[in-house]
Peer 1: 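Below is one structure. I have some questions about it.
Chain letters run A, B, ... following the sequence lines, proteins first and then strands; every chain starts at 1. Atom set for the values below is all heavy atoms of this structure, side chains included, hydrogens, waters and symmetry mates excluded.
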Number of protein chains: 2
Amino acid sequence: MTQRSDRSAMHEKMAPALNILRILSHPVRLSILCHLVEQAEMSAGEIVALHAPLASQSQTSQYLKRLRDEGLVNARKDGLYVYYSLARQDIRELVATLHDLYCPEA
Amino acid sequence: MTQRSDRSAMHEKMAPALNILRILSHPVRLSILCHLVEQAEMSAGEIVALHAPLASQSQTSQYLKRLRDEGLVNARKDGLYVYYSLARQDIRELVATLHDLYCPEA
DNA sequence: ACATTATATTAAAATTATATAATTTAATAT
DNA sequence: ATATTAAATTATATAATTTTAATATAATGT
């Protein structure tokens, strides 16, 4: 095992954390996840409304797709509506830590 | 206070967390911070050596500048050497959480 | 079948982040 | 003074992400 592969290994070990950090590094994606920590389930429309007019329907749908694709949220379709919910406990914990550190009460 | 400014306010409230997330979303910057959580102080040269050849001296110096500019690390100059250390407790806590969630032991 | 509403997709343009390469500053020693 | 080493800076190129705009799909009701 060479030095180089050691360092690659170090970086590979960080890959899951880096991936999550990148996903959370966007105001709307982070906001969606924050809301889903407190709300259990929200329809796509509610999520769009929550972020309009800062983010368009198309944009928000794209953010939701990213979160789906990465396995961070579940999507449940009911008729015309799609309901989103958090799919992973680690996101709950990470968002809680961020809240503690960067969203002081009062 | 309009709806729009409410939403801006929501996003502004997230700004500090977002800023930290973006800074941590890079393999070498995250790695540097991880090492400084465990090491207290490291010289620029040690940090460069730790990440070569994946990151050049110039790159690593740029990452350190970013961390300095953002106030995440302290730089102490001693002769030819510059010693870096963590400047903020929140980084320690955040890195610890990331470690717990994404770096399972063994 | 058609209209309506909710949601999703796609492609191009714009923006931002990162890498590369060359150069520079600063401290020390000869 | 000049050579050497550590570290930082700058400009440019490249790559990744995000925004925008237009369009498409899918479910429901008339």
Peer 1: Measuring only between side-chain heavy atoms, which start at C-beta, is B:Leu54 closer than 4.5 Å to B:Val28?
Peer 2: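 B:Leu54 does not reach B:Val28 side chain to side chain.
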
Peer 1: Between atom OH in B:Tyr81 and atom C1' in C:dA29, what is the gap in whole Å?
Peer 2: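 It works out to 13 Å between those atoms.
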
Peer 1: To the nearest Å, give me how far apart CG (B:Asp78) and C1' (D:dA6) are.
Peer 2: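 Rounding to the nearest Å, CG of B:Asp78 and C1' of D:dA6 are 12 Å apart.
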
Peer 1: Are any of B:Tyr63's side-chain N or O atoms less than 4.0 Å away from OP1 or OP2 of C:dA19?
Peer 2: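 For C:dA19, OP1/OP2 do have a side-chain N/O of B:Tyr63 under 4.0 Å.
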
Peer 1: Is any side-chain nitrogen or oxygen of A:Arg29 closer than 4.0 Å to OP1 or OP2 of D:dT18?
Peer 2: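 Yes, within the criterion.
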
Peer 1: Can you list, pair by pair, the side-chain donor-acceptor contacts under 3.5 Å of residues 92-100 of chain A, counting residues two or more places apart and other chains?
Peer 2:
from	atom 1	to	atom 2	distance (Å)
A:Arg92	NE	A:Gln89	OE1	3.3
A:Thr97	OG1	A:Glu93	O	3.1
A:Thr97	OG1	B:Thr97	OG1	3.4

Peer 1: Would the base of C:dA19 count as contacting B:Ser58 through its side chain, where contact means a donor and an acceptor less than 3.5 Å apart?
Peer 2: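 Answer no: no donor N or O sits under 3.5 Å from an acceptor.
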
Peer 1: Nearest whole Å is fine: how far is D:dT20 C1' from A:His51 NE2?
Peer 2: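 Rounded to whole Å, this separation is 19 Å.
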
Peer 1: Rounded to the Å, how far apart are A:Asn19 CG and D:dT17 C1'?
Peer 2: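 Distance check: A:Asn19 CG to D:dT17 C1' gives 14 Å.
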
Peer 1: Considering just the side-chain nitrogens and oxygens of B:Arg68, establish if one lies under 4.0 Å of OP1 or OP2 belonging to D:dA8.
Peer 2: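 True: B:Arg68 side-chain N/O within range (under 4.0 Å) of D:dA8 OP1/OP2.
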
Peer 1: Given that both pair distances must be under 3.5 Å and the pair must be Watson-Crick or G-U, what runs of three or more consecutive pairs involve DNA chain C?
Peer 2: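 The stems are C:1-30 with D:1-30.
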
Peer 1: Minimum heavy-atom separation for A:Leu36 and A:Tyr84, please, with both atom names.
Peer 2: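 Taking every non-hydrogen atom into account, CD2-O, 3.5 Å.
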
Peer 1: Write down the distance between CD1 (A:Ile47) and C1' (C:dA8), rounded to a whole number of angstrom.
Peer 2: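 Atom CD1 in A:Ile47 sits about 14 Å away from atom C1' in C:dA8.
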
Peer 1: Within a strict 4.5 Å, meaning less than it, do heavy atoms of the A:Ile32 and A:Leu50 side chains meet?
Peer 2: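 Sidechains of A:Leu50 and A:Ile32: no contact.
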
Peer 1: Which residues satisfy the salt bridge (charged side-chain N to carboxylate O under 4.0 Å, His left out) test with B:Arg88, sequence neighbours excluded?
Peer 2: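 Listed in chain order: B:Asp90.
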
Peer 1: Which part of the nucleic acid, if any, lies within reach of B:Tyr84 when heavy atoms closer than 4.0 Å are counted: base, sugar-phosphate only, or nothing?
Peer 2: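 The answer is sugar-phosphate, as B:Tyr84 gets under 4.0 Å only of primed atoms, P, OP1 or OP2.
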
Peer 1: Mind checking whether B:Gln59 and B:His51 have side chains closer than 4.5 Å, heavy atoms only?
Peer 2: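 No - every pair of side-chain heavy atoms lies 4.5 Å or more apart.
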
Peer 1: Phosphate oxygens OP1/OP2 of C:dA17: is one of them under 4.0 Å from a side-chain N or O of A:His26?
Peer 2: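 Checking A:His26 against C:dA17: no side-chain N or O falls below 4.0 Å of OP1 or OP2.
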
Peer 1: Could you check how far NZ of B:Lys77 sits from C1' of C:dT28, rounded to whole Å?
Peer 2: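 Checked: the NZ to C1' distance equals 11 Å.
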
Peer 1: Specify the residue among B:Ala44 and A:Gln62 whose closest nucleotide of DNA chain D lies further upstream toward the 5′ end.
Peer 2: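 The residue closer to the strand's 5' end, by nearest nucleotide, is B:Ala44.
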
Peer 1: Take A:Arg22 and A:Gln59, find for each the nucleotide of DNA chain D with the closest heavy atom, and name the residue whose nucleotide sits nearer the 5' end.
Peer 2: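 The residue mapped nearer the 5' terminus is A:Arg22.
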
Peer 1: Taking the side chain as every heavy atom from C-beta outward, state whether B:Ser31 and A:Met14 have any atom pair closer than 4.5 Å.
Peer 2: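 The answer is yes; the side chains approach within 4.5 Å.
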
Peer 1: D:dA6 base to B:Gln57 side chain: any donor-acceptor pair below 3.5 Å?
Peer 2: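 Checked by distance alone, the answer is no.
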
Peer 1: Report the distance from atom OH of A:Tyr83 to atom P of C:dA6, rounded to the nearest whole Å.
Peer 2: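 These atoms are roughly 11 Å apart.
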
Peer 1: Could you check how far CZ of B:Arg76 sits from P of C:dA26, rounded to whole Å?
Peer 2: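 Distance check: B:Arg76 CZ to C:dA26 P gives 20 Å.
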
